[in-house]
Number of protein chains: 2
Amino acid sequence: MTQDAFSKTQITTASDQVFVDMRREIVEGSIEQGSKISEPELAKRYGVSRATLREALNRLESCYLIERKANVGCRVVALTAERLIEVYQVRSALEGLACRLAADNMAADEVQSLKQLLNQHLQTQRVKEGESYYQEAGDLDFHYRIIKASKNDHLIHLLSNGLYQLIRMYRVQMGMVGPRVSKAFDEHLAIINAIENHDGELAELLMKRHISASQANIQAKFERYQSM
Amino acid sequence: MTQDAFSKTQITTASDQVFVDMRREIVEGSIEQGSKISEPELAKRYGVSRATLREALNRLESCYLIERKANVGCRVVALTAERLIEVYQVRSALEGLACRLAADNMAADEVQSLKQLLNQHLQTQRVKEGESYYQEAGDLDFHYRIIKASKNDHLIHLLSNGLYQLIRMYRVQMGMVGPRVSKAFDEHLAIINAIENHDGELAELLMKRHISASQANIQAKFERYQSM
DNA sequence: TAACCATGAATTGTCGACAATCTTAAAGAA
DNA sequence: TTCTTTAAGATTGTCGACAATTCATGGTTA
């Protein structure tokens, strides 16, 4: 079944629940990056059998949060500078594409709704000065809307189920809060304008730059983090 | 474990074997596209338990060859025109990126080796006139080398484990053999030249065009196929 | 007739136990 | 000492059975 990263999807089975729980714990760092995973231990902790746990592990592997080796076991993905660059290169290409498609497809009222969302975020931001949660959530929300507007289901799945948890893991564990708030807002605005004008080429370019800026930001933080 | 789509990776476990076997059968159409999958039936057929089979099913889902619904079951992916377009849009973006990175990274001797491979394919092509297998394999080989030359492991995984089996499925089941042989060869050559000159921008552009041409080709075939 | 509800069959999800493999640590040889 | 070998322990892979859910069939009612 397709587990969406953003909207709350229906959780029907026990392995669904374990998957969602573990995903959160890994992204937030409760389960440490790079650490070995013991199946018997985790199965006991979540109160399920190993079969159920392994089902969840398989899905976590699909979204790149853990790595498996046959007859050896699972390990939580390790956050490295190299991987960060790799992931952002892919993200840039895919979200650039999504943005171009959105510019082609998005109807006028959808654009208006997106603009409204952005203004709303700005207001919330002003009120809750310094509070980082809203920024992160707002940013995610903005990107997710554009991704969905691409109307390309395969692309949507690839980004929201495949890449975004890993990206979030870097951001959360690096404690991304930051001075990029207002700048990011301007960039978002420029992207919306390009989409509104159905200028796919420009929208793609702007999105790629926006993501590059985000990468530079997090990368700097990562290097500072590693030198400690 | 990471199952590579091209190079023959070590098969250690029973579910590995089932995964590889089923993958081939799905891609080649022995297991019909869109058909429902019965776990008990297939488990018996492959001579393994359901647990082992389900492990394989999970991996097949990761490379987009089957789709699961909770408490309902699995279904082989259905080949549709819409999905074909979606997949090729993603492929274009990702392989364009790979090609650009390859142009940045590839050493002179690697480029030479790739050129040699291409010439070799041309010769084989001339000898085995009309035989399509070599063309298909040659094309795959060429693309795979460039993908690997990107040196971006995440991208490599995404393409070779994620997208290529699905693309192959379309190509195989549409019976792609065809008049694009010599044209594709010229396009490949132009791409290599751009890479050799470390002109990443051009290499990316040419690769995207090459893939677009390939898409147009298979799409036409698909529409002809569907109208029958 | 058509729509709706039981009931049973079949399928998927989950469990605990066994087999195969890897890891660790101790014992022995160079 | 250091490297190799071996045996015990622990971990993963696989199996068959049970529980929960869905699907198909037939019967009932409007």
Side-chain angles (χ1 to χ4, degrees), chain A residues 1-4 9-23 25-26 31-78 161, chain B residues 1-4 9-23 25-26 31-78 161:
Chain A
M1 94 165 270
T2 328
Q3 268 301 337
D4 197 303
T9 52
Q10 197 72 10
I11 292 174
T12 53
T13 126
S15 63
D16 270 337
Q17 187 63 58
V18 175
F19 168 64
V20 172
D21 288 350
M22 280 194 72
R23 189 176 64 181
E25 293 200 60
I26 290 176
I31 301 179
E32 198 181 10
Q33 57 126 327
S35 67
K36 175 108 174 39
I37 284 178
S38 159
E39 293 185 6
E41 182 192 323
L42 278 185
K44 205 169 69 178
R45 183 165 139 211
Y46 286 105
V48 296
S49 80
R50 269 185 58 227
T52 303
L53 182 85
R54 283 165 66 86
E55 179 81 28
L57 291 181
N58 274 320
R59 296 198 210 161
L60 289 169
E61 189 188 14
S62 311
C63 47
Y64 312 107
L65 294 181
I66 70 174
E67 290 164 349
R68 300 184 83 175
K69 263 196 265 184
N71 287 315
V72 173
C74 295
R75 196 167 271 287
V76 178
V77 70
N161 296 46
Chain B
M1 97 163 269
T2 330
Q3 267 300 337
D4 196 305
T9 50
Q10 198 71 10
I11 292 174
T12 52
T13 123
S15 63
D16 270 338
Q17 186 65 56
V18 174
F19 168 64
V20 172
D21 288 350
M22 280 194 71
R23 189 176 65 181
E25 294 199 61
I26 290 175
I31 301 178
E32 199 181 9
Q33 56 128 327
S35 66
K36 174 107 175 38
I37 284 179
S38 160
E39 293 185 7
E41 182 193 324
L42 278 186
K44 206 168 69 179
R45 183 164 139 212
Y46 285 106
V48 296
S49 80
R50 268 185 59 225
T52 303
L53 181 86
R54 282 166 66 87
E55 179 82 28
L57 291 181
N58 274 320
R59 297 199 210 161
L60 289 170
E61 188 188 14
S62 309
C63 48
Y64 312 107
L65 295 181
I66 70 175
E67 288 164 349
R68 301 185 83 175
K69 263 195 266 185
N71 287 315
V72 173
C74 295
R75 197 168 271 287
V76 179
V77 69
N161 295 49

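Within every chain, numbering begins at 1; the chains are lettered A, B, ... in the order of the sequence lines, protein sequences first and strands thereafter. All figures in this text were calculated on a predicted structure; none of them were measured in a lab.
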> Evaluate the criterion side-chain contact (heavy atoms from CB on, under 4.5 Å) for residue pair B:Leu53 and B:Met22; output intermediate values, then yes/no.
CA-CA 10 Å; B:Leu53 181 86; B:Met22 280 194 71; 4.1 Å; yes
> Please work out which residues in residues 35-48 of chain A have a non-hydrogen atom less than 4.0 Å from an atom of DNA chain D and list them by number.
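Nucleic-acid contacts, sorted: A:Lys36, A:Ile37, A:Glu39, A:Pro40.
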> Looking at SG of B:Cys74 and CD of B:Glu67, how far apart are the two atoms once the value is rounded to the nearest 0.5 Å?
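Rounded to the nearest 0.5 Å, the SG-CD separation comes out at 10.0 Å.
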> When the distance from CG of A:Asp16 to P of C:dT12 is rounded to whole Å, what number comes out?
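Spelled out: CG on A:Asp16 to P on C:dT12 is 16 Å.
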> May I ask you to say whether B:Glu55 pairs ionically with A:Arg54, meaning some side-chain N is under 4.0 Å from a carboxylate O?
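A salt bridge links B:Glu55 with A:Arg54.
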> Which heavy-atom pair separates B:Thr13 from A:Ala70 by the least distance, and what is that distance?
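Taking B:Thr13 first and A:Ala70 second, the nearest heavy atoms are CG2-CB, 4.0 Å.
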> Kindly calculate the angle separating the two end axes of the helix from C:dT1-D:dA30 to C:dA30-D:dT1, each obtained from five base pairs, and round it to 10 degrees.
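So the angle between the two local helix axes works out to 20°.
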> B:Tyr64: what forms a ring pair (Phe, Tyr, Trp, His ring centres under 6.0 Å) with it, not counting sequence neighbours?
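Ring pair (Phe, Tyr, Trp, His ring centres under 6.0 Å) list for B:Tyr64, sorted by chain: A:His154, A:His157.
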> Quick check: on DNA chain C, is the nucleotide nearest A:Ser49 upstream (toward 5') of the one nearest B:Val72, or the reverse? Name the residue that is more 5'.
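Going by which nucleotide is closer to the 5' end, it is B:Val72.
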> Hey, what are the protein-to-nucleotides 8-10 of chain C N/O distances that come in under 3.5 Å?
none

> Going by the rule salt bridge (Lys or Arg N to Asp or Glu O under 4.0 Å), which residues pair with B:Arg50 if we only count those two or more places apart in sequence or in a different chain?
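Testing B:Arg50 for salt bridge (Lys or Arg N to Asp or Glu O under 4.0 Å), a comparison that skips the adjacent residues, returns B:Glu39.
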> Give one of base, sugar-phosphate or nothing for A:Ala14, where a contact means two heavy atoms less than 4.0 Å apart.
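It contacts sugar-phosphate atoms only.
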> Please indicate whether B:Lys44 has more than 12 foreign heavy atoms, meaning atoms of other residues, nucleotides or ligands, lying under 6.0 Å from its NZ.
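Atom NZ in B:Lys44 is not crowded, with 12 or fewer foreign heavy atoms closer than 6.0 Å.
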> Determine the minimum heavy-atom distance between B:Arg68 and B:Asn58, stating which atoms define it.
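Nearest pair, atom of B:Arg68 first, then B:Asn58: NH1-OD1, 2.6 Å.
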> At what distance, to the nearest 0.5 angstrom, does CG of A:Leu60 lie from CD1 of A:Ile26?
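Rounded to the nearest 0.5 Å, the CG-CD1 separation comes out at 5.0 Å.
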> Can you tell me how far apart CD1 (A:Ile66) and CZ (A:Arg59) are? Round to the nearest 0.5 Å.
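The distance works out to 12.0 Å.
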> Please report the interatomic distance CG(A:Asp21) to CZ(A:Arg45), rounded to the nearest 0.5 Å.
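The distance works out to 9.5 Å.
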> May I have the step-by-step check of side-chain contact (heavy atoms from CB on, under 4.5 Å) for A:Ser62 and A:Phe19, ending in yes or no?
CA-CA 11 Å; A:Ser62 311; A:Phe19 168 64; over 6 Å; no
> Please identify the 5'-most and 3'-most nucleotides of DNA chain D with any atom under 4.0 angstrom from a heavy atom of chain A.
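Endpoints of the contacted stretch of DNA chain D: D:dT12 to D:dT14.
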> Can you establish whether the number of heavy atoms outside B:Glu25 located under 6.0 Å from its atom CD is more than 12?
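For B:Glu25, atom CD is crowded (more than 12 foreign heavy atoms under 6.0 Å).
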